[in-house]
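Here the structure comes first, spelled out in structure tokens, and everything after it is commentary.
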Amino acid sequence: MASQEAPIDSTTSSKRWTQFYAALQLAIQRAAHKWTYKDFSECFPLWCEEQPNGAEGVFNTVSVFIETHIVTNTNKLFEQYDVQKNVDILHRVVTEARARRQRGETPGPDRWRADLQPGEVVRARVIPGLERERDLLRARLAELEKENMELYREVQENVAVKDQADGKTAEIFAFFDEVYARWKELPLEDMEAWSVLTAETQRAIDPPP
């Protein structure tokens with residue numbers, strides 16, 4: 001006969017899980033052995049009559065294989081979807097609800113009630129957390145907007161300083177251009193001749209040492 005051990009340590013299981021798993025094992029046993037040896041012998045009458053011991057052994061082996069196969073695959077599904085943990089959580093929720101009802105307590109907005117739909121329970125648990133995250137994001141967004149405004153003012157100030165410096169530079173270059181233009185208009189040949197005459201006159205006035 002197949003093993004009746006639960007797929008998870010039963011020492012920590014709830015009463016609801018223990019009863020559920022025991023009922024499931026009983027259902028599997030009944031399903032695996034629903035096909036009796038009498039039904040088997042009606043399918044293979046000659047073999048069962050000539051070799052009753054061998055036929056009965058094969059029948060028992062098949063029955064045990066069917067039961068073991070169902071139990072093994074069921075336990076794999078239970079482990080994959082963590083069924084025992086979820087059943088234990090359900091048991092704890094129901095137990096707490098019964099205790100509150102016996103004490104006459106009114107269920108809170110996030111407590112299970114018979115008239116609550118699963119979606120409402122999920123929203124009652126999830127929405128407050130989402131609202132807290134929303135508030136945190138809004139506060140962070142406000143901080144970023146403040147930082148952006150400060151950076152924008154700094155950039156504007158730097159642009160104003162740059163524009164002022166560019167204006168001063170343009171004025172200086174314009175002044176240089178005007179000086180150069182006027183210098184080009186001067187009578188350079190006359191100025192050179194005047195410079196030579198002035199130098200010769202000065203040498204004639206000043207005696208040599």
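Owing to the predicted nature of the structure, the values given are computational and were not obtained by experimental measurement.
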Apply side-chain contact (heavy atoms from CB on, under 4.5 Å) to [X] and list each qualifying residue two or more places apart in sequence or on a separate chain.
X	result
N86	D82, I89
Y180	W183, K184
E131	I127, R134

Inter-residue atom distance [X].[atom1] - [Y].[atom2], 0.5 Å rounding:
X	Y	atom1	atom2	result
L24	T74	CG	OG1	5.5 Å
F20	Q84	CZ	CD	10.5 Å
Q19	S14	CD	OG	9.0 Å
R98	Q102	CZ	CD	9.0 Å
K15	H91	NZ	NE2	7.5 Å

Looking only at non-hydrogen atoms, find the nearest pair between [X] and [Y] and report the distance.
X	Y	answer
C43	W35	SG-CZ2, 4.2 Å
A55	C48	CB-SG, 3.7 Å
D39	K34	OD2-O, 3.9 Å

message: Quick test of your reading: applying salt bridge (charged side-chain N to carboxylate O under 4.0 Å, His left out), list the pairs with at least one residue in residues 162-174, sequence neighbours left out, ordered by first then second residue.
response: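 Every pair satisfying salt bridge (charged side-chain N to carboxylate O under 4.0 Å, His left out) with a residue in residues 162-174: K162-D166.
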
message: Filter on ring-ring contact (aromatic ring centres under 6.0 Å, His included), then keep only pairs touching residues 58-77, sequence neighbours left out; what's left?
response: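 ring-ring contact (aromatic ring centres under 6.0 Å, His included) check on residues 58-77 returns Y37-F59, F40-F59, F65-H69.
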
message: Just checking R103: does its CZ atom have more than 12 heavy atoms from other residues, nucleotides or ligands closer to it than 6.0 angstrom?
response: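 Check passes, neighbour count above 12.
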
Same cluster or not: [X] versus [Y], using hydrophobic residues (I, L, V, M, F, W, Y) connected whenever any side-chain heavy atoms lie under 4.5 Å apart?
X	Y	value
F78	L90	no
L137	L141	no
I70	L77	yes
Y21	Y81	yes

- prompt: Taking N60 for the side chain and E56 for the main chain, is one N or O donor matched with an acceptor at less than 3.5 Å?
  reply: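 Yes, N60 side chain to E56 backbone: donor-acceptor pair under 3.5 Å.
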
message: Can you classify the ring geometry of F176 versus F173 as parallel (below 30°), tilted (30 to 60°) or perpendicular (above 60°)?
response: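 The arrangement is perpendicular - the two ring planes meet at more than 60°.
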
- request: Any pair with a residue in residues 141-157 that passes side chain to side chain donor-acceptor pair (under 3.5 Å), sequence neighbours left out, goes on the list, sorted by first then second residue, please.
  value: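 Pairs touching residues 141-157 that pass the test: R140-E143.
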
- prompt: Does the side chain of T72 come under 3.5 Å of the side chain of N75 through a donor N or O and an acceptor N or O?
  reply: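 The criterion, which ignores hydrogens and geometry beyond distance, is not satisfied for N75 and T72.
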
query: With a 4.5 Å heavy-atom cut-off, do V83 and W17 have their side chains touching?
result: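 Yes, side chains in contact.
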
Candidate pair R16 and T95, rule side-chain contact (heavy atoms from CB on, under 4.5 Å), full reasoning: CA-CA 10 Å; R16 186 178 299 272; T95 302; 5.7 Å; no

